Amino acid sequence: MKDNFDINVCYKKVFRMLGNEGTIDKMVNDIAEYTNTRITVIDIGGKILSVSDERRDGECEDCVNRKEKLMCLVARYIETPAEEAPEFSMLIDEGEGIRAVSRITVKGNTEGFSIMEAPADKESAIAEERLLCQANDILCQALGILMERYGHRVYYHASTLRRMIARSFFDEDAENGLKIKEIRSMYNIYVLPDFIVAILEMKDYHMLQLQKAANSLADEFPDSFIYIKEDRVYVLFSGVRVKHNRTMIGSVLEEICGEYGFYCGVSEPFDDVELVEKKHFLVRKALEIGRASEPEKEIYMEYDYYIQTVCSCAVSAIGRARYLEKELQELKNEDCMKGTCFYHTLKEYLLNGNNVSMTSKKLFIHRNTMIYRLGKINEILGVDINAPSVSQRLMLSIILQEQERVN
């Protein structure tokens, strides 16, 4: 703290900027200059929103180490037992200087943290440490107002810790908390197997409905981890060990989809937290593919679209070098010129495990008609579609075609 420091000046500075549409960066730099401190503001995922010396996110080793130190400070702040936790800022002294750490809240939800650092001075008076906390608290109040004004907020009632963990799982811009020892210890305590990943996407975007859906899930499943981004709600259900719980999750998701207007992708249960990222990808692709191919549905299960998802990853690499690409196109041309349904019949036949009876029932045609069509298909393609290796490659080739069209 500088000599002749006056806490009232901090009040005047922040309220002047609030009245003049000030920015987070300007407010942080102004308070840092007056208090002779270094101030860093981060969101709940560890992303640096503002820093007084203008050093932001970077790939250099020093930047990465600093981010980890910041997240470790926040972890210590959050894990402080309730009976020991200060009402506002908490002082942390690690020998490199005194830091005041406090949360920035919007509508009762923690949206970020402010870390105010003062140089090490063993002769500093308690009053100066108290003033450091007061200055940080004033800044946090003002930043909360700015975050609400500029949209840095998510209104759903889940604990700060759960929201931090949720963001680290689902936001590509968030820091990887799994690599930080203190955050990893939180995972080990709170993130318990088995897991289910779900992604809910609004049919017609409405922020209030989005928040209500997230609140409903948080109320129904307090052990879950929920993250809202744009028009989607990302959920990691934790501790899903009983079949009854899995059934309950499915019924609640169906109810929310119907009531609030969502499409939903859902994973199968899994027991390794390291798979969350992969499951997130598979569920997201199932949701995208399912919406394009079966828009009448609301719930899309991960493995129902597994082959399509795998093919969607391969389509750009394989392109038109697909199995029997030319012959399958001739089949389509035959349908266009003569009004036949050979291509669709082949697809349904392969989807039904090369079963004549099941396919003819699904297509509402006589069994003899089905056998006739299959004969013509074999003739046009020049292969035996009942040979296992041929039918597998044909199925993949057809799905690759469809995925190319969707993409």
Side-chain angles (χ1 to χ4, degrees), residues 199 201 203 254 257 263-268 278-279 281-407:
I199 302 175
E201 181 176 335
K203 296 177 181 177
E254 286 182 8
C257 286
Y263 296 105
C264 182
V266 187
S267 79
E268 294 293 322
K278 300 299 182 184
K279 290 290 185 178
F281 171 78
L282 290 171
V283 171
R284 189 175 72 246
K285 295 300 292 185
L287 182 59
E288 293 171 0
I289 293 167
R291 285 195 58 186
S293 59
E294 299 179 280
E296 70 281 358
K297 294 176 61 176
E298 290 183 335
I299 303 290
Y300 304 97
M301 299 302 297
E302 167 195 2
Y303 287 145
D304 288 349
Y305 302 89
Y306 184 74
I307 296 177
Q308 292 94 321
T309 297
V310 173
C311 288
S312 71
C313 298
V315 68
S316 60
I318 294 176
R320 297 183 64 191
R322 293 181 282 260
Y323 178 66
L324 291 184
E325 172 74 7
K326 181 180 177 182
E327 289 78 2
L328 285 170
Q329 187 59 49
E330 289 178 5
L331 203 61
K332 290 182 180 180
N333 293 340
E334 184 82 7
D335 290 340
C336 290
M337 291 187 296
K338 299 182 180 179
T340 54
C341 298
F342 293 150
Y343 186 86
H344 181 62
T345 299
L346 172 62
K347 177 185 172 183
E348 291 300 324
Y349 181 63
L350 296 172
L351 285 172
N352 284 280
N354 293 33
N355 188 297
V356 174
S357 298
M358 287 178 60
T359 310
S360 58
K361 287 180 181 179
K362 186 169 184 178
L363 296 176
F364 301 102
I365 60 176
H366 194 276
R367 178 182 172 86
N368 291 340
T369 304
M370 183 69 197
I371 293 172
Y372 168 77
R373 288 186 184 179
L374 293 176
K376 294 296 292 183
I377 291 169
N378 268 325
E379 183 181 325
I380 295 170
L381 295 181
V383 294
D384 178 8
I385 61 174
N386 287 312
S389 59
V390 172
S391 63
Q392 290 171 4
R393 288 195 289 263
L394 273 172
M395 186 72 260
L396 288 173
S397 189
I398 289 172
I399 294 175
L400 279 167
Q401 282 188 351
E402 292 181 351
Q403 289 310 306
E404 185 177 56
R405 186 171 67 252
V406 169
N407 291 344

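Please read these numbers as outputs of a predicted model, since none were measured by experiment.
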Trainee: Under 6.0 Å from the OH atom of Y306, do we count more than 12 heavy atoms belonging to anything else shown?
Mentor: no
Trainee: Does this structure show an ion pair linking K347 with E402, if we count only N-O contacts that are shorter than 4.0 Å?
Mentor: yes
Trainee: So which atom in S391 and which in L350 form the shortest heavy-atom distance, rounded to 0.1 Å?
Mentor: CB-CD2, 3.7 Å
Trainee: Taking C-beta and beyond as the side chain, do R320 and Q401 meet within less than 4.5 Å on heavy atoms?
Mentor: no
Trainee: Is there a side-chain contact (heavy atoms from CB on, under 4.5 Å) between L374 and L346 once you walk through the steps?
Mentor: CA-CA 7 Å; L374 293 176; L346 172 62; 5.7 Å; no
Trainee: Checking E294 against Y305 for the side-chain hydrogen bond (donor to acceptor under 3.5 Å, both in side chains) test, could you report, in this order, the C-alpha distance in whole Å, the side-chain angles of both residues, the deciding distance, and whether it holds?
Mentor: CA-CA 11 Å; E294 299 179 280; Y305 302 89; 2.5 Å; yes
Trainee: Where do E404 and V315 come nearest, in terms of heavy atoms and distance?
Mentor: CB-CG2, 3.6 Å
Trainee: Please test S397 against L328 for side-chain contact (heavy atoms from CB on, under 4.5 Å), starting from the C-alpha separation and ending with a verdict.
Mentor: CA-CA 9 Å; S397 189; L328 285 170; 3.5 Å; yes
Trainee: Could you state the interatomic distance from CG (L396) to CZ (R322), rounded to the nearest 0.5 Å?
Mentor: 11.5 Å
Trainee: Give, for atom CD1 of I299 and atom SG of C264, the distance between the pair rounded to the nearest 0.5 Å.
Mentor: 4.5 Å
Trainee: Heavy-atom count check: over 12 atoms from other residues, nucleotides or ligands less than 6.0 Å from K332 NZ?
Mentor: yes
Trainee: Would you call V390 and D384 a side-chain contact if the rule is heavy atoms closer than 4.5 Å?
Mentor: no
Trainee: When you compare the side chain of L394 with that of L324, does any pair of heavy atoms fall below 4.5 Å?
Mentor: yes
Trainee: Taking all non-hydrogen atoms of both residues, which atom of T309 and which atom of A286 are closest, and how far apart?
Mentor: OG1-N, 4.1 Å
Trainee: Under 4.5 Å between any side-chain heavy atoms of K203 and E298, yes or no?
Mentor: yes
Trainee: Closest approach of Y300 and L287, non-hydrogen atoms and distance?
Mentor: CD1-CD1, 3.8 Å
Trainee: Decide yes or no for Y343 and I398: does some side-chain heavy atom of the first lie under 4.5 Å from some side-chain heavy atom of the second?
Mentor: yes
Trainee: Is there a side-chain contact (heavy atoms from CB on, under 4.5 Å) between E288 and K285? Walk through the geometry before answering.
Mentor: CA-CA 5 Å; E288 293 171 0; K285 295 300 292 185; 3.7 Å; yes
Trainee: State whether the side chain of D335 and the backbone N or O of E330 hold a donor-acceptor pair below 3.5 Å, judged by distance alone.
Mentor: no
Trainee: Do I380 and E327 have side chains that get closer than 4.5 Å, going by heavy atoms?
Mentor: no
Trainee: From E348 CD over to L351 CG, what is the distance, rounded to the nearest 0.5 angstrom?
Mentor: 5.5 Å
Trainee: What is the distance from atom CD of E379 to atom CG of L381, rounded to the nearest 0.5 Å?
Mentor: 10.5 Å
Trainee: Out of curiosity, I307 CD1 to Q392 CD, how far, rounded to the nearest 0.5 Å?
Mentor: 9.5 Å
Trainee: Quick one: closest heavy-atom pair of N352 and K362, and the distance?
Mentor: ND2-CD, 4.0 Å
Trainee: Apply salt bridge (charged side-chain N to carboxylate O under 4.0 Å, His left out) to residues R291 and E201 and explain how you reach the verdict.
Mentor: CA-CA 10 Å; R291 285 195 58 186; E201 181 176 335; 2.6 Å; yes
Trainee: Hey, is NZ on K278 packed in by over 12 heavy atoms from elsewhere, all under 6.0 Å?
Mentor: no
Trainee: Verify, without hydrogens or angle tests, whether T369 (side chain) and I365 (backbone) share a donor-acceptor contact under 3.5 angstrom.
Mentor: no
Trainee: State the OG-CG distance between S312 and L400, to the nearest 0.5 angstrom.
Mentor: 9.5 Å
Trainee: Residues two or more places apart in sequence or in another chain: which of them pass side chain to side chain donor-acceptor pair (under 3.5 Å) with Y303?
Mentor: K279
Trainee: Yes or no on side-chain hydrogen bond (donor to acceptor under 3.5 Å, both in side chains) for N386 and Y349, after CA distance, side-chain angles and deciding distance?
Mentor: CA-CA 10 Å; N386 287 312; Y349 181 63; 2.5 Å; yes
Trainee: I would like to know whether E334 and K376 meet salt bridge (charged side-chain N to carboxylate O under 4.0 Å, His left out); could you show each step before the answer?
Mentor: CA-CA 10 Å; E334 184 82 7; K376 294 296 292 183; 5.7 Å; no
Trainee: Would you name the heavy atoms of C341 and R373 that are closest together and state the gap between them?
Mentor: CB-NH1, 4.0 Å
